[in-house]
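Remember, predicted model here, so these are calculated numbers, not experimental data.
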Amino acid sequence: MSGEPDGPQDRLRRFATIWSRAVFPVTSTSSTRTEFEAELLPLARRLSKVLRARSFDAEEARAVGAALVDAHCTDPEALSQTLDCVDAYLVLYCGEGGDPEDLRARSARLQHAMAAGFAGALRARTLAEQEAIAQAALKAQGVVAEALHASEARFRAVFEGAAIGIGIADLDGNILQVNQALMRMFGIADPALGGRRAMEWTHPDDAPQVWRLYQELVRGEREHYHVEKAFYRPDGTVLWTNLTVSLLRDADGTPQYQLALMEDTTERRLLNLRLRYEATHDALTGLPNRSFFFERLEKALNAGPGQRFGLCYLDLDGFKAVNDSLGHAAGDRLLVEVADRLQACATAPGEMVARLGGDEFVALTTGPDTRHEVDELAGRIMNALLAPVSVDGRELTVRGSIGIVEGPAGERSPAEVLRSADITMYRAKSAGGNRYELADPEADARVITRHGLTTALPAALERGEFFIEYQPLVHLGDGSVRGAEALVRWLHPQHGVLGPDRFIPLAEHTGLIVPLGRWVLEQSVLQARLWRERYGEGGAAGPLRINVNLSPCQLTHPGLVRDTVEILERTGVAPDALCLEVTESALIGADDDLLKPLRRLAEMGVDIALDDFGTGYSNLANLRRLPVSVLKLDRSFTQSMQQFPADPVDLKIVEGIVALAHSLDLAVTVEGVETGAQAEQLRILGCDTAQGWYYARPGPPERLHELALVDATG
């Protein structure tokens, strides 16, 4: 019997329980653990919502990180335990029903946002505490000055009882007195500090203005200054302080002493450094993360004249298969090993490696001449991936695709550089992977244009930017116009008229081909009705017919038959006025389920044409089971017929196809007819209809009217 919680609320409470058990021991709170768990439950609910939201809300995740500080979870271990719990259990208990890969990626982003929110809230709290201490210090300064003038006893009480370190020196820097708090901070027992002078307390990390301010103070040019300063303790360790130094004057206003007030900030500084590290480094591999890499890249791109940069964008080939087959734990170990190898490849000055996320890494090199260096860096990376990686006793082969961008600083933004590298990397991957490619501005422009067209497609259909041109289908026997093929065009606002080869693949990829195809079908059938109304249903040439192309996506869409019937009935057009063209490649190996809608349409009287016949792995015997009534020969069969004499082999092939088609009661249409010699040869071979530039280029429906009128009048 499973011990797992049943419902989402139970799973959420279980996550909150695990979280509270991990964090409670390192939290400074007067609450019991049960009360503390009740405080964490609303935060867990907010994390669950961020994890499963349609769009990632980084601000909400940062707010949860800030709320931990409000709940007194200010110990560094509390943040570490929290991030470990979120990484290990949030997706498990709160990600039910989602895509595991997407949820893990979102969980990683959520952890980074929580860490940033935690750091920001802790910093704000620290600043508030510092302000309070500064106010107390200034007040203590006034009290000390008054005590010096009024009562040595009262001064001594304030001096020794203060919680912050206090030291007094003369204007030459000789240390006169220190209190117990300051001695504890330095870990010493001698109140005189061995007769040391203030000028001896230098540190390599001192800001340039520290000693300038000191000199101005002892000269009486300023009353006080406040700096962050490091000191060496006698044991060699470093003490970081917020230091306020004030000038004490005598009753006549003459400078007499220096008063130093010190607050120990060492632990807070170490915590801030740790938080900074966690916010800028990848938790899994320890490499710099995306945000840190962008900082370095931006700095490299703003390096000034004469400086260049080189960037390698690496994506592992087939990494998803490792996660799917061996699990994410094995995938993580593989990523750690790859990160170690990449780190060893970028050790020269000006080089760095970072992990952008998932299995994507970047390597950056900078300097006056990176043309050769970036190629060498890419080569080192490829060589580093050659050796197999051992994971759980398995030897895994690691390969990667790299996109390289190199150029002068100051010409492009970080986002533009990374986009070019990403595009180039995918070009290397599409070429087979396990290789690197150099960025090509023309190839980048094509990809960017393709992406722009993809995003503009939905709005283009709504705005009516598509239109249809028609290419006539001519009977080879008597030259009469029998119909036309509908060819959709896109009148793009920037790129002008685009042919279907530019946007149909994009529409298929995005799924927009279904509404676009429905629109083309409806407009074409309406046009067929207009033609039949003008030229009648009969006559020597017979009724005009409209041919409309079907994409593979439309062919598998469950509403194909319903939409076609609805359009025909609404427009009042008979089914025999419509011919749907399906490419041969779409029907290769088609099963009965795929052919069922075509059979239903064919039974209604709609003609089905097998388009581009001969371009795929044609199985002539397979024609018997396909519900087609027309074969459309690809233009590749008839190109040799443009010259005389035609290739006898091509003639035999076409003659055989025509004979076979006619024996199966299939009509034969030929595409790409461009000369009269072609048309005549195809007529002799027995082809039924043809289309091509010899008859007419695709054009508006009025052109078909003119051709049909010429045909009707002789």
Handout entry: NE2 (H509) with more than 12 external heavy atoms under 6.0 Å
Key = no

Exercise for the section: Apply salt bridge (charged side-chain N to carboxylate O under 4.0 Å, His left out) to R599 and E603, showing your working. Expected result: CA-CA 6 Å; R599 288 198 176 101; E603 290 168 357; over 6 Å; no

Completion exercise
In this structure, CG of D392 is separated from CG of L334 (nearest 0.5 Å) by 11.0 Å

Handout entry: Note: D576-R545 ion pair, threshold 4.0 Å (strictly below)
Key = no

Exercise for the section: Answer yes or no: is there an ion pair linking D612 with K632, defined by an N-O contact shorter than 4.0 Å? Expected result: no

Practice task
Give a yes or no on this: more than 12 heavy atoms of other residues, nucleotides or ligands lie within 6.0 Å of atom CD of E395.
Solution key: yes

Handout entry: Chi angles and distances behind the salt bridge (charged side-chain N to carboxylate O under 4.0 Å, His left out) call for D501, R489
Key = CA-CA 10 Å; D501 58 311; R489 306 285 190 255; over 6 Å; no

Exercise for the section: Mark yes when over 12 heavy atoms from residues, nucleotides or ligands other than R109 sit less than 6.0 Å from its CZ; otherwise mark no. Expected result: no

Handout entry: Any side-chain heavy-atom pair of P552 and E508 under 4.5 Å
Key = yes

Completion exercise
In this structure, CD of E485 is separated from CD of Q471 (nearest 0.5 Å) by 7.0 Å

Exercise for the section: Indicate whether any N or O donor in one side chain lies under 3.5 Å from an N or O acceptor in the other, for S401 and D315. Expected result: no

Problem - Atom CZ of R570 with >12 non-hydrogen neighbours under 6.0 angstrom - result: yes

Handout entry: Within 6.0 Å of CZ in R502, more than 12 heavy atoms from elsewhere
Key = no

Problem - Distance (rounded to the nearest 0.5 Å) between N547 CG and L580 CG - result: 8.5 Å

Handout entry: is_close_aromatic(F466, F503), centroid dist under 6.0 Å
Key = yes

Problem - Cationic N near anionic O, under 4.0 Å, R333 to E337 - result: no

Handout entry: Short side-chain donor-acceptor distance under 3.5 Å, D563 and H557
Key = no

Practice task
Please confirm whether the backbone N or O of C553 pairs with a side-chain atom of T556, one donor and one acceptor, at under 3.5 Å?
Solution key: yes

Exercise for the section: To the nearest 0.5 angstrom, please state how far the CG atom of N549 sits from the OG1 atom of T583. Expected result: 9.0 Å

Exercise for the section: Report yes if some heavy atom in the side chain of L633 is under 4.5 Å from a heavy atom in the side chain of V668; otherwise report no. Expected result: yes

Handout entry: Whether over 12 other heavy atoms sit under 6.0 Å from F56 CZ
Key = yes

Exercise for the section: Could you pull out the closest heavy-atom pair between Y694 and E674, with the gap in Å? Expected result: CB-C, 3.5 Å

Exercise for the section: State, yes or no, whether a side-chain contact exists between Q691 and V474 at a heavy-atom distance under 4.5 Å. Expected result: no

Exercise for the section: Give the intermediate values and the outcome of salt bridge (charged side-chain N to carboxylate O under 4.0 Å, His left out) for residues R106 and D57. Expected result: CA-CA 10 Å; R106 179 168 288 201; D57 188 351; over 6 Å; no

Handout entry: Validation row: Y436, I381 side chains within 4.5 angstrom (heavy atoms)
Key = no

Handout entry: Distance in Å, L550 CG paired with D611 CG, rounded so as to fall on 0.5 Å steps
Key = 10.5 Å

Handout entry: Stepwise side-chain hydrogen bond (donor to acceptor under 3.5 Å, both in side chains) check, W490 with E465
Key = CA-CA 6 Å; W490 183 2; E465 294 177 3; 2.8 Å; yes

Practice task
From the options V606, L578, T564, select the one residue that forms a side chain to side chain contact (heavy atoms under 4.5 Å, CB included) with V548.
Solution key: L578

Handout entry: Step-by-step salt bridge (charged side-chain N to carboxylate O under 4.0 Å, His left out) determination, D324 to K320
Key = CA-CA 6 Å; D324 292 344; K320 186 177 184 300; 2.8 Å; yes

Exercise for the section: Report yes or no: does R52 contribute a side-chain atom to a donor-acceptor pair with the main-chain N or O of C94 at less than 3.5 Å? Expected result: yes

Fill in the blank from the handout: Taken to the nearest 0.5 Å, the spacing of I404 CD1 from C312 SG works out to 4.5 Å

Practice task
Spell out, as yes or no, whether a donor-acceptor pair under 3.5 Å connects the side chain of S420 to the backbone of E416.
Solution key: no

Exercise for the section: Answer yes or no: does atom CZ of R600 have more than 12 heavy-atom neighbours from other residues, nucleotides or ligands under 6.0 Å? Expected result: no

Problem - Check against side-chain contact (heavy atoms from CB on, under 4.5 Å), L487 and I468 - result: CA-CA 6 Å; L487 300 169; I468 301 174; 5.8 Å; no

Exercise for the section: Measure from the side-chain N and O atoms of R412 to the backbone N and O of G407, and report whether any donor-acceptor pair falls under 3.5 Å. Expected result: no

Exercise for the section: Could you tell me whether the side chain of S107 and the main chain of R104 form a donor-acceptor pair under 3.5 Å? Expected result: no

Exercise for the section: Would you check if the side chain of D422 reaches a backbone N or O of L418 as a donor-acceptor pair within less than 3.5 Å? Expected result: no

